[in-house]
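Any value given below was found using the heavy atoms of this structure, including those in side chains, with hydrogens, waters and symmetry copies removed. Remember, it's 1-based here, ligands and their atoms both numbered in the order they're listed.
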Amino acid sequence: MERGSFFRRNLLVLISITLIFIIINVINMRRPTIKIPKPQKPPAPCPSLVSEQTITPLKNTSHFLVSAYMDQRGKDFDIRIIGMFKRDSIQPLHCLFCCSGHFSPTTPATVLPHSDHFGFAFCATDVLCKIPQNCDATHVTLLTEPTPEKAYNQAWLPIRNKKEKYIFNFTVCISNLFGDYNNVLQFTQALEMYRLLGVDRVVIYNTSCGPDLDRLLQSYSDEGFVEMVPWPITEHLNPSPGWLFSEHGGDIHYYGQLTTLNECIYRSMERSRFVLLNDIDEIAMPYQHENLMSLMNMLLEQRPNTGVFLIENHIFPKNYFEPSGKFHLPQWSGVPGVNMLEHIYKEEPDRQIYHPHKMIIQPRLVEQTSVHEVIKNFGQRYKVPPEVCRLIHVRVPLRGLKQDQLTVDNRLWDFQEKLILNVDKALKKVGLL
Ligand SMILES: *[C@@H]1O[C@H](CO)[C@@H](O)[C@H](O)[C@H]1NC(C)=O
Ligand SMILES: *[C@@H]1O[C@H](CO)[C@@H](O)[C@H](O)[C@H]1NC(C)=O
Ligand SMILES: *[C@@H]1O[C@H](CO)[C@@H](O)[C@H](O)[C@H]1NC(C)=O
């Protein structure tokens, strides 16, 4: 009795399993199997390997490539590659293009190391290339021999600036961020001040920064106001934290600042009417206009053929504080960094000695730049009078003057209401308030 029911139960289970098996198979036969389409053609021979880095070692050489831009302002070239080259190892190079998936014949490259290298072994360098006829070039690379076959495993650079157009009035290019720089309050104030002055984009080359600043910049970059460009130069070179080789040593001037400034000009050339080249602790402040665009409209009306506007640097020593303390705001007490609103005493520049400027440029009128002046440009240069526009630069004192030798300048206070509101908003967003 017990054994019989055991067999019957097992038989039922067996029949059920068989039925399920048959049903599943019938369903599967009806359902078409999903086909993964196979590629029709073998992969194109180029570009096989596109560099996704901002610093790409150039094979077989000591040099580094950064980016390639369309540049047809001269007669003899179409492309400008920005790089960092070792000055004592410059050899003939050949441009190789990828034209709609095929190699071009090579064309000779013109290598132009920038004249201002301050004694360092590596310097900012432009390489000019001519695109061969009938080539719709998408990528470019450089070879040490004029033999495209050797381009195997060569990293290609995409050619940029092919069809952008002005979408920005004003771009600010900030010198490289490095070390554990964490001056959050001044950085936020400067970014928000720039926004109030009509800046559309701030480009920052980032080697490294402090933890709070990292969070802040991540947030500005998500929003699109700030464009972070990774700048991992320490992985390739021993960059100098100073500007002069004989004094500071290292492979290249100030973390490669000259290369990034030039890169930023070309990056902005087709999309921004004006570019301001400066540091984040500097604000190019119009003193007779509400914003930078109305300043530039006025200046260009007066001097239409000007490509470079030199802005005088004015230093506001951070060791002198405005006495009332009305901008010593309690909510900022836990935020690391300098509060620019508290520093209203400025040094008068000593115009007897060399006094550096920073620049507002029309990028299409500049070919090569240094930090305080351009090296090669089209059009005129103009020193903007300090009563029209000057730099507010809050930092350590330069001249070591006493407080009664300093001048009061509280132009920043004209913007204080909106500035404080916007700074607070930005800091709250990242949990720093
Ligand atoms: C690299 O250098 C070697 C030796 O000089 C040469 O044979 C080779 O063709 C070069 N490769 C490229 C890609 O230029
Ligand atoms: C650029 O400036 C002009 C004023 O000269 C203004 O009308 C325009 O909205 C600005 N464009 C952007 C993108 O800010
Ligand atoms: C800056 O670079 C450092 C080092 O690569 C990275 O850890 C950090 O997240 C970067 N910050 C931003 C905002 O991109």
Side-chain angles (χ1 to χ4, degrees), residues 52-56 64 66 164-188 190-239 241 254-257 259-260 263-264 267-276 279-280 284 286 288-304 306 309 336-337 360-364 389 418 422 426-427 429-432:
E52 310 216 319
Q53 310 300 317
T54 37
I55 302 176
T56 307
F64 299 92
V66 177
E164 286 193 68
K165 56 172 182 244
Y166 288 153
I167 44 173
F168 301 142
N169 284 331
F170 247 97
T171 299
V172 178
C173 297
I174 299 292
S175 293
N176 313 8
L177 210 53
F178 59 85
D180 51 4
Y181 191 75
N182 205 33
N183 187 353
V184 173
L185 188 53
Q186 190 170 3
F187 219 115
T188 316
L191 287 175
E192 292 302 339
M193 196 57 237
Y194 273 128
R195 212 189 320 236
L196 290 177
L197 291 174
V199 167
D200 307 291
R201 174 61 62 90
V202 179
V203 181
I204 299 172
Y205 292 80
N206 171 31
T207 301
S208 61
C209 62
D212 305 304
L213 194 59
D214 187 25
R215 250 156 68 213
L216 183 84
L217 292 179
Q218 213 68 256
S219 157
Y220 274 110
S221 146
D222 291 344
E223 174 204 337
F225 183 55
V226 164
E227 177 174 347
M228 297 300 296
V229 183
W231 189 248
I233 192 165
T234 45
E235 290 172 19
H236 304 282
L237 293 171
N238 168 30
Y254 213 64
Y255 279 77
Q257 180 190 24
T259 309
T260 56
E263 211 280 332
C264 195
R267 179 179 289 258
S268 310
M269 196 166 285
E270 299 298 315
R271 66 182 194 193
S272 187
R273 293 190 61 201
F274 297 100
V275 170
L276 169 58
D279 293 337
I280 195 60
Q288 298 172 2
H289 299 83
E290 273 303 291
N291 57 57
L292 288 166
M293 208 49 216
S294 36
L295 166 74
M296 294 321 291
N297 285 339
M298 186 273 289
L299 288 175
L300 274 181
E301 208 165 287
Q302 291 175 352
R303 297 158 195 280
T306 307
F309 298 89
I360 296 175
I361 62 164
Q362 298 200 67
R364 290 182 186 189
C389 179
K418 278 187 184 157
N422 295 351
L427 293 172
K429 216 167 160 185
V430 290
L432 285 163

Does any N or O atom in S208 lie less than 3.5 angstrom from one in ligand 3, N or O only?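 By distance alone, the answer is no.
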
May I ask you to check whether D212 and N182 show a side-chain donor-acceptor distance below 3.5 Å?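 Side chains of D212 and N182: pair found under 3.5 Å.
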
Does any donor atom in the side chain of N297 or S294 lie under 3.5 Å from an acceptor atom in the other side chain?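 Distance-only check fails for N297 and S294.
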
What is the closest protein heavy atom to [atom], and at what distance does it sit?
atom                    : answer
atom 13 (C) of ligand 3 : D214 OD1, 3.2 Å
atom 10 (C) of ligand 3 : N206 ND2, 2.5 Å
atom 4 (C) of ligand 3  : T207 O, 3.4 Å

Heavy atoms only: which of V199, N169, N297 lies closest to atom 11 (N) of ligand 2?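 Shortest heavy-atom distance from atom 11 (N) of ligand 2: N169.
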
Side chain, backbone, both or neither: the part of D200 lying under 4.0 Å from ligand 2 by heavy atom: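 The part of D200 near ligand 2 is the side chain, not the backbone.
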
Indicate yes or no: does E223 engage R195 in a salt bridge with an N to O separation below 4.0 Å.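 A salt bridge links E223 with R195.
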
Is atom 7 (O) of ligand 2 less than 4.0 angstrom from some protein heavy atom?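 So far as the 4.0 Å threshold goes, atom 7 (O) of ligand 2 is out of reach of every protein heavy atom.
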
Does the protein place any heavy atom closer than 4.0 Å to atom 2 (O) of ligand 2?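 Neighbour list for atom 2 (O) of ligand 2 includes protein heavy atoms (cut-off 4.0 Å).
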
Quick one: which ligand 3 atoms are inside 4.0 Å of a heavy atom on L217?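 Checking each atom against L217, I get 13 (C).
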
Does L177 come within less than 4.0 angstrom of ligand 3, counting non-hydrogen atoms of the residue?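 No, L177 has no heavy atoms under 4.0 Å from ligand 3.
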
Measure from the side-chain N and O atoms of [X] to the backbone N and O of [Y], and report whether any donor-acceptor pair falls under 3.5 Å.
X    : Y    : answer
Q362 : T306 : yes
S221 : E227 : no
W231 : Y255 : yes
S175 : Q257 : no

Is the closest side-chain heavy-atom distance between L276 and Y194 below 4.5 Å?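 Yes, at least one pair of side-chain atoms sits under 4.5 Å.
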
Under 4.0 Å from ligand 3, counting heavy atoms only, is it the side chain of M228, its backbone, both or neither?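 Only the side chain of M228 comes within reach of ligand 3.
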
Within ligand 2, which atoms have a heavy atom of I167 less than 4.0 Å away?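 Counting from 1, the qualifying ligand atoms are 13 (C).
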
